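In this text the structure is predicted, and so the values were computed from the model without any measurement. Chain letters run A, B, ... following the sequence lines, proteins first, then strands; residues in each count from 1.
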Amino acid sequence: MVEFQRYKLSNGLTVILHQDKTTPMVVVNTLYDVGARDESEQKTGFAHLFEHLMFGGSINILDFDKELQKAGGESNAFTSNDITNYYEIIPAQNIETALWLESDRMLSLAFTEKSLEVQRNVVIEEFKQRYLNQPYGDVWLELRPLAYEKHPYKWATIGKDLSHIENATMSDVKSFFKKHYHPSNAILCVSGNYDNSKIRKQIETYFGGIPGGLKPARINPQEPKQEAFKIKSINRDVPANAFYYAFNMGPRKSSDYYLGDIMSDAVGKDNSSVLNISLKKELELVTEINAFITGSLDDGLFVISGKLAEGVSFEQLDDQLWRILNEIKESGIYAEKLIGIKNKISTSKAFQEQGLLNRSINLSFFELLGDANGINEDALIYQKIESIDLISFAKNTFVKTNCSLLKVCNNAK
Amino acid sequence: MLNRNTAPTTQKIEKISFVKPQELCINESVKLLWMQDVPNETSRIDLYFDAGLRKDRNAIVSICSSLLLSGTKQRSSTEIHNQIDQLGAYFDIGLSHEGVLISIFALKNNIFEAFCLIYDSIQDAIFPDKEIAEKITEKRERFKINSAKVGFTAQRKFQEKIFFNTPYDELVQISDFDTISKKEIVDFHDEWIKNGLYKIAVVGNLDSEEIIKITERCKPSCISSPMTYFKSFCNAPGVFHEEKKSAVQSALRIGKTMFNKTHDDFFDFSILNTVLGDYFGSRLMKNIREDKGYTYGIGSTLAETGGSGYFIIGSEVGTEHREASLNEIKKEIELLNTQFIDKSEMELVKNYLLGQMLKSADGPYAMMDLFLSVDAYSLDMEFYNRYIERIHQIQTEELKSISKKYLQWDSLSIVSAG
């Protein structure tokens, strides 16, 4: 059980406190309700570029990292299609430094031309490193626009094109900040070994004076229901042919998320999963195969991906894959398997909750979903899932007209 | 009224209390370490085998370690994995030059059973032909994918230069997977897994009887004389480039032979390494990423081997920035050799290191890992107290002289690919 307290400052900032007296550290985690789905199609990659700029100095503080490191702390951040999350981990006695730094950049950034210019270049190098300079690196740049036609999930957080990042201007940056970076669009979670008698006052001191703003309305285009199977082939200089089957499924806050999570473990998480046993071990059609869900806040994807063994055709794989998926639609996952998966989920939850940073990020994320207490409730949701629920998930999801297939073909073949 | 221009006052970390695990001797060379005090249900068992890459041809060693749970006379691979799942357990197999580390993660009520299952499966592994063939195919495919990455190419070249002319410098080739026989794998397993267990580490609130049972079960596979390591490394200095026309980034790997925790200069060089490249605000990050924007990341590390160690700088930079990046790296190293680090940077690095030290001692798992990382060199927790003391005391002159002593540009192996 993760204990916490929750309240709101008058400027709209949601605060979550989670005390842990066993650690010498504190974590200050700040989640902003903004991600790549909030970008305009002409200016993609912005939420992520902005995350970089958040380390480029704020209105009263020249060098964010330097001040934090001086106090023995460290920090990092990540951006997804849904959220942008920042954290500082710092010795408990220096908690004020983290509050000072995080609140000042919520108040306002320094907005220097130098920072923008450098971070544009850094992000371009990140784009190259992750997406361009390795085999299969650009798969998600291709798969997203195949699976999503209208919804902003059709572009990756890094952006749809390098030029969008290259052309980002200071006025774009400022208006993005104004719209998304203010107390009412943020969740602050302070956890660890803070002083209970002082913490609320400390938070009020640093964050209380930041002017509130209007939480921006999110009106994203709905993805229309898919009516027909979609398929795309791309040719790349890759060692082996690869396939990515993406099935539409429900959002994070639906039962689909939990069913999809268990189903993906069952069919493609590790050596003992259904697809690994049948397609890799028994039939030797693939050299690797995985299944996972995107877990996004709006409608997500259930993805089955892998690489074909030499001499195996996409059609052979397709036949056998659908045969197995159809079997699952009929008979589900056998009982013993389901118990094993649930047991593994319990173990991994216990390990996740061990870490203070994980707890802080999860509390913030569940609060964004509606209630931080979700952190204590979601284990039970997994445990209650039965085979019949999985069958109905499979019947709804593993349908050809609900599927987009991306094939990455070796140039030479 | 809050003055946002002034940083809040901070407190220095003076002392950290380190907790040693309990030690149970299995024989004169092998012990079980146990960190019992865990405030939740989680637990971990680590099994260390002297079956690292240095012991045989890389292909044999890597196939053997990745097939340790691939089946016994009694159980198939799938049966083993299904049983592990039933216990809600996870495992991880790590292979390095020095050894194989098998980590088992589970809730404490299941960990003993998971240990028995995994330990027995490893000891009784029979390496079915089909499993070997499947693994070879998988490794071959993985190798092809990795070969397309500049980081992999540079790392291999670097390994060749850093471990020059030693048992550590073998590079696996794709054709190696065609020539290994089952007998070689089985023989390797007999020699180094069945008789190669050299350490056990347990974190978790298990019953004492379970701990005793673990030691008893492991006894037959324990090594009987202490581990020895190759010590005489000397890197091949020079500039080496592997061309890859289509690459949009070049990988850089720069370094030289250094030492491990047993060396007198370890503390000073570690602190110097932090200044240069081991944190977000390091000289290399500040210059090459945060000022020039040539890369997404650059860092340096002091990596250790059982009998030695090496220093390495690594980065992936835009191909058009390769020469400029190398020049800037050289410049940063020369600055450390010739200029004093100023007071405020000294303060910052000291505070940062102390903060990291505090974090790395947070909780039973972190504490066990701290202990394992000194125990590997027959040192104990006192090492960290000495390190903290050294961080407090070290002067800028001393860092300059340690830099001059070790970081001469001409002594480095400078590798790029892309």
Side-chain angles (χ1 to χ4, degrees), chain A residues 22-25 60 65-67 69-74 89-91 93-94 96-97 100 104 107 117-122 125-126 128-129 132-135 205-206 209 237-240 270-272 277 280-281 284 287-288 307 309 336-337 339-341 343-344 346-348 350-351 353-354, chain B residues 2 4-5 7-8 10-11 13 16 39-42 77-78 81-82 84-90 105-107 110 134 137-138 141 144-145 147-150 246-249 279-281 289-296 316-318 347-349 351-352 354-356 358-359 361-363 365:
Chain A
T22 68
T23 164
M25 311 299 286
N60 298 297
D65 287 302
K66 196 168 168 179
E67 296 296 342
Q69 288 149 4
K70 256 198 318 209
E74 64 168 340
I89 310 171
I90 195 166
Q93 64 261 46
N94 295 338
E96 284 207 39
T97 304
W100 172 61
D104 203 55
L107 183 63
E117 189 200 321
V118 167
Q119 292 309 320
R120 265 196 304 244
N121 292 331
V122 169
E125 290 305 328
E126 182 180 359
K128 291 185 198 163
Q129 186 169 330
L132 304 182
N133 210 31
Q134 52 178 318
T205 304
Y206 288 99
D237 182 15
V238 290
D270 44 32
N271 276 322
S272 54
I277 291 173
K280 185 177 165 186
K281 276 200 161 341
E284 301 179 3
T287 57
E288 64 170 271
K307 301 196 173 67
E336 200 190 29
K337 179 101 209 142
I339 292 169
I341 290 170
N343 290 344
K344 290 187 96 155
S346 302
T347 306
S348 81
F351 272 93
E353 273 182 22
Q354 264 248 122
Chain B
L2 173 66
R4 287 192 174 270
N5 293 301
T10 56
Q11 286 169 40
I13 295 152
I16 299 171
N40 53 55
E41 298 295 298
T42 64
S77 163
T78 303
H81 287 94
N82 279 338
I84 295 173
D85 288 354
Q86 290 304 304
L87 295 166
Y90 291 85
F105 305 86
L107 298 183
N110 291 334
E134 186 187 300
T137 311
E138 194 185 304
E141 290 303 314
K144 283 192 222 159
I145 293 169
S147 300
K149 298 177 185 169
V150 289
S246 59
V248 293
Q249 282 191 319
Y279 73 118
F280 199 89
R289 173 175 147 137
E290 292 297 300
D291 186 55
K292 309 285 189 317
Y294 292 162
T295 180
Y296 177 49
E316 257 89 274
V317 302
E347 269 309 291
L348 184 150
V349 167
N351 289 343
Y352 173 74
L354 293 167
Q356 290 310 295
L358 188 68
K359 192 185 125 193
D362 182 9
Y365 288 90

Grab the two heavy atoms, one from [X] and one from [Y], that are nearest each other, plus how far apart they are.
| X | Y | answer |
| --- | --- | --- |
| A:Ser272 | B:His81 | CB-CB, 3.7 Å |
| B:Asp362 | A:Pro24 | OD1-CD, 3.4 Å |
| A:Thr347 | B:Phe105 | CG2-O, 4.3 Å |
| A:Asn121 | B:Gly293 | CB-O, 3.4 Å |
| A:Thr205 | B:Leu2 | O-CD2, 3.4 Å |
| A:Lys66 | B:Leu348 | CG-CD1, 3.2 Å |

Please confirm whether the backbone N or O of [Y] pairs with a side-chain atom of [X], one donor and one acceptor, at under 3.5 Å?
| X | Y | value |
| --- | --- | --- |
| A:Asn133 | B:Gln249 | yes |
| B:Tyr90 | A:Lys344 | yes |
| A:Asn343 | B:Gln86 | yes |

* Sub-4.5 Å side-chain heavy-atom contact between B:Tyr279 and A:Gln69 -> yes
* May I ask you to test the B:Gln11-A:Asn94 pair for a side-chain heavy-atom distance under 4.5 Å? => yes
Rounded distance (nearest 0.5 Å) linking atom [atom1] of [X] with atom [atom2] of [Y]:
| X | Y | atom1 | atom2 | result |
| --- | --- | --- | --- | --- |
| A:Asp270 | B:Asp85 | CG | CG | 5.5 Å |
| A:Glu125 | B:Glu316 | CD | CD | 10.5 Å |
| A:Gln129 | B:Tyr296 | CD | OH | 8.0 Å |
| A:Trp100 | B:Asn5 | CH2 | CG | 8.5 Å |
| B:Leu358 | A:Ile89 | CG | CD1 | 11.5 Å |

* **Interchain contact, B:Ala89 with chain A, by part (heavy-atom threshold 4.5 Å)** => backbone
* To do: Name the region of B:Ser77, side chain, backbone, both or neither, that has any atom closer than 4.5 Å to a heavy atom of chain A.
  => side chain
Heavy-atom pairs under 4.5 Å with chain A are the metric here; pick the option from [options] that has the most.
| options | result |
| --- | --- |
| B:Lys149, B:Arg4, B:Lys144 | B:Arg4 |
| B:Ala106, B:Ser246, B:Ala148, B:Gly88 | B:Gly88 |
| B:Glu347, B:Gln356, B:Glu141 | B:Gln356 |
| B:Thr78, B:Asn40, B:Ile145 | B:Ile145 |
| B:Leu354, B:Asp291, B:Ile13 | B:Asp291 |
| B:Thr10, B:Val349, B:Thr42, B:Ile16 | B:Thr42 |

Chain B contact via [X] - which portion, at a heavy-atom distance below 4.5 Å:
| X | answer |
| --- | --- |
| A:Glu96 | both |
| A:Asp65 | side chain |
| A:Gln119 | side chain |
| A:Glu336 | both |
| A:Leu107 | side chain |
| A:Thr22 | backbone |

* **Cationic tip of A:Lys70 above B:Tyr352 ring, under 6.0 Å, 45° of axis** => no
* Charged N-O contact under 4.0 Å between A:Lys281 and B:Glu134 -> yes
* Asked: Below 4.0 angstrom, N of the basic side chain to O of the carboxylate: do B:Glu138 and A:Lys280 qualify?
  -> yes
* Contact winner vs chain B - A:Gln134, A:Glu74, A:Glu288, heavy-atom pairs under 4.5 Å -> A:Glu74
* Asked: Pick from A:Val118, A:Ile341, A:Ile339: which one has the most heavy-atom pairs with chain B under 4.5 Å?
  -> A:Val118
